[in-house]
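Take a look at the structure below.
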There are 2 protein chains.
Amino acid sequence: MGTDTRNRILAAAARLFHERGFEATGVATILREVGVNSGSLYHFFPSKEALLVGVLERHLESLHSTILEPAAGATDDPIERVFALLGLYRRGLVITDFTRGCLIGNLALEVGDGRPHVRALIEASFSVWAEGVRSWLDAAGDRLPADLDRGALSRFVLTVMEGAVMQARAAGSLEPFDASVAQLRSYMELLAAQARLGRGEAPAMPAGRETVEPSDEAPPPGRSAWRSW
Amino acid sequence: MGTDTRNRILAAAARLFHERGFEATGVATILREVGVNSGSLYHFFPSKEALLVGVLERHLESLHSTILEPAAGATDDPIERVFALLGLYRRGLVITDFTRGCLIGNLALEVGDGRPHVRALIEASFSVWAEGVRSWLDAAGDRLPADLDRGALSRFVLTVMEGAVMQARAAGSLEPFDASVAQLRSYMELLAAQARLGRGEAPAMPAGRETVEPSDEAPPPGRSAWRSW
DNA sequence: TAGTTACTAGAACGATCAATCAATATTTGT
DNA sequence: ACAAATATTGATTGATCGTTCTAGTAACTA
């Protein structure tokens with residue numbers, strides 16, 4: 001069935017683009033991986049760039065089901081969902097031995113200007129991702145300061161994730177990732193303390209940053225295979 | 001003189017790798033740009049990858065003089081030096097019309113495993129960069145909490161810079177960059193407030209995050225041309 | 001001045017690149 | 001069962017890839 005071939009091409013292309021990058025992945029490699037000939041690929045996609053667009057559209061469509069919903073399913077606490085989301089990327093780094101990171105982040109830095117259609121899809125993925133985080137921040141209600149710009153903070157979470165993944169890959173270690181996430185947690189705890197102060201509650205600041213080490217290995221439930229983000 | 005040719009090759013390669021990426025830059029393009037033949041290039045560099053190593057070594061050597069010292073020269077306030085540093089990258093985004101971002105960040109995501117020599121140089125650049133920030137944080141003395149992990153915070157500043165540059169490039173806009181930097185400023189102000197509290201001073205929390213807009217255009221002095229970071 | 005080294009010119013190499021196309025097979029609709 | 005649409009094959013295209021090689025020039029050493 002044609003649709004099946006198309007999907008297999010998209011899946012292989014997504015994995016290879018993720019792992020090696022767009023330029024470094026040859027069409028021949030994709031064809032070999034899928035076990036199909038060039039005519040088939042060019043029947044569905046008029047060019048390699050169109051294939052990239054297909055990969056990004058597919059990623060955008062599945063962002064909720066493969067990333068945001070799993071993170072939301074990990075806990076009911078809206079703020080902890082943010083860190084569950086970061087935990088997904090952390091696990092991805094471990095499972096892939098730091099070879100992939102974030103597909104969208106990789107492509108964002110690889111495809112510069114030119115290819116405006118591609119860049120628009122990358123930005124769209126970023127927006128959907130951040131909007132998901134924003135919905136959790138909104139759900140946190142008065143646990144965060146009333147005057148906090150929740151949109152900006154959700155974008156900041158994305159900023160931290162991408163920067164942390166980048167450093168972890170460069171170092172081949174979780175240490176920079178965990179350190180960055182710990183800083184983000186510290187920030188959000190300070191915001192929560194500020195919110196309590198604003199509500200006239202106990203003025204206690206959170207205790208010192210005791211660097212909560214994430215439970216290494218044996219990640220929570222849902223040990224699903226590493227997917228495409 | 002041979003050294004001059006070598007330098008011109010390195011300069012052109014650095015700019016092209018920065019702008020288009022390593023894989024997307026052909027050796028022929030570099031040769032055309034420098035106005036030299038392949039024999040010259042391969043006289044100095046045994047391979048394209050060795051040329052990349054040369055670019056990274058050169059970048060690492062000049063990190064202090066081209067980035068850290070200019071940021072330190074912008075202000076005497078150690079904490080403001082952090083934001084002056086971020087301002088340099090902000091200006092770079094504008095000057096290059098979002099076509100480059102951070103060379104090291106770009107390469108960090110492009111060259112995965114394999115090429116361990118390259119990855120080590122990337123990590124070295126990250127370390128030097130963060131160490132520079134850490135020296136400023138140390139100089140801030142008791143304006144930051146005594147128990148703060150200044151090494152982790154300096155890494156966090158790098159995390160925020162890289163993530164913010166990535167989003168700005170994807171969006172083709174300074175907005176995500178400015179928003180992320182504003183969040184970082186908010187975090188550091190909360191840390192400063194916590195430090196004051198720890199010293200038994202006025203318990204006042206910083207005012208609401210009024211989103212200080214950075215002075216657009218007309219950047220401070222030293223309008224040096226956009227270099228290689 | 002002869003010899004050696006450092007550097008550059010430029011053609012050429014095989015490999016791989018993305019992409020094309022006519023021919024063939026398969027599925028679908030009637 | 002037949003025709004039309006869809007899907008796939010696989011050889012082939014010209015361009016470009018990184019790299020090699022020989023020849024030759026320039027600069028320093030003895």
Side-chain angles (χ1 to χ4, degrees), chain A residues 1-58 106-107 110-118 121, chain B residues 1-58 106-107 110-118 121:
Chain A
M1 180 190 313
T3 297
D4 179 61
T5 300
R6 200 186 118 101
N7 283 337
R8 279 161 53 220
I9 290 173
L10 281 173
R15 192 170 47 79
L16 288 164
F17 291 165
H18 197 170
E19 199 164 303
R20 311 183 185 183
F22 176 68
E23 298 282 353
T25 301
V27 173
T29 305
I30 302 173
L31 299 175
R32 195 184 321 122
E33 198 111 344
V34 184
V36 99
N37 294 94
S38 65
S40 293
L41 193 155
Y42 283 93
H43 171 71
F44 294 106
F45 305 98
S47 70
K48 189 189 177 189
E49 178 167 339
L51 174 57
L52 173 60
V53 168
V55 166
L56 287 170
E57 286 172 343
R58 190 183 223 232
N106 296 352
L107 293 173
E110 183 176 357
V111 319
D113 49 349
R115 310 189 214 259
H117 195 347
V118 172
L121 281 167
Chain B
M1 180 191 314
T3 298
D4 179 61
T5 300
R6 199 187 118 102
N7 283 335
R8 278 161 54 221
I9 291 172
L10 281 174
R15 191 171 46 80
L16 288 165
F17 291 165
H18 197 170
E19 200 164 302
R20 312 184 185 182
F22 176 69
E23 297 282 354
T25 300
V27 172
T29 305
I30 301 172
L31 299 176
R32 196 183 321 121
E33 198 110 345
V34 183
V36 100
N37 292 95
S38 64
S40 293
L41 193 153
Y42 282 92
H43 171 72
F44 295 106
F45 306 97
S47 69
K48 188 188 177 190
E49 177 167 340
L51 175 57
L52 174 60
V53 168
V55 166
L56 287 170
E57 285 172 344
R58 189 184 224 233
N106 296 352
L107 293 172
E110 183 176 357
V111 320
D113 50 348
R115 311 190 214 259
H117 195 346
V118 172
L121 281 167

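These numbers were taken from a predicted model, which means no experiment stands behind them. Sequence lines set the chain letters: A, B, ... in the order given, protein chains first and strands last, and positions in each chain run from 1. Side chains are part of it too, since the values below use all heavy atoms of this structure and drop only hydrogens, waters and symmetry mates.
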Per B:N37 side chain, nearest of listed nucleotides C:dA9, D:dT6, C:dC7 = C:dA9

For nucleotides 24-28 of chain D, give me every protein contact, N/O to N/O, under 3.5 Å, one pair per line with atom names.
none

key: Donor-acceptor contact present, side-chain A:E110 to main-chain B:G21, <3.5 Å   = no

Residue-phosphate contact under 4.0 Å: B:T5 side-chain N/O, C:dC7 OP1/OP2 = no

Contacts of type salt bridge (Lys or Arg N to Asp or Glu O under 4.0 Å), residue A:E49, not counting sequence neighbours = A:R115

query = Quick one: salt bridge (Lys or Arg N to Asp or Glu O under 4.0 Å) partners of B:E19, sequence neighbours excluded?
reply = B:R100

ask   = Would you say the side-chain atoms of A:R8 pair up with the backbone N or O of A:V34, donor to acceptor, closer than 3.5 Å?
value = yes

message = I want to check something: taking the side chain as every heavy atom from C-beta on, are B:F45 and B:R6 in contact at a cut-off of under 4.5 Å?
response = yes

message = B:A11: which residues meet the side-chain contact (heavy atoms from CB on, under 4.5 Å) condition with it, sequence neighbours left out?
response = B:R58

Pairs under 3.5 Å (N/O, protein and nucleotides 15-19 of chain C):
from	atom 1	to	atom 2	distance (Å)
C:dA18	OP1	A:T25	O	3.3
C:dA18	OP1	A:K48	NZ	2.8
C:dA18	OP2	A:V27	N	2.7
C:dA19	OP2	A:Y42	OH	3.0
C:dA19	OP2	A:K48	N	2.7

message = Would you compute the distance between atom CG of B:L107 and atom CG of B:L121 and round it to the nearest 0.5 angstrom?
response = 10.5 Å

note = Residues at least two apart in sequence or cross-chain that pass side-chain hydrogen bond (donor to acceptor under 3.5 Å, both in side chains) with B:E33, listed by chain then number, are B:R15

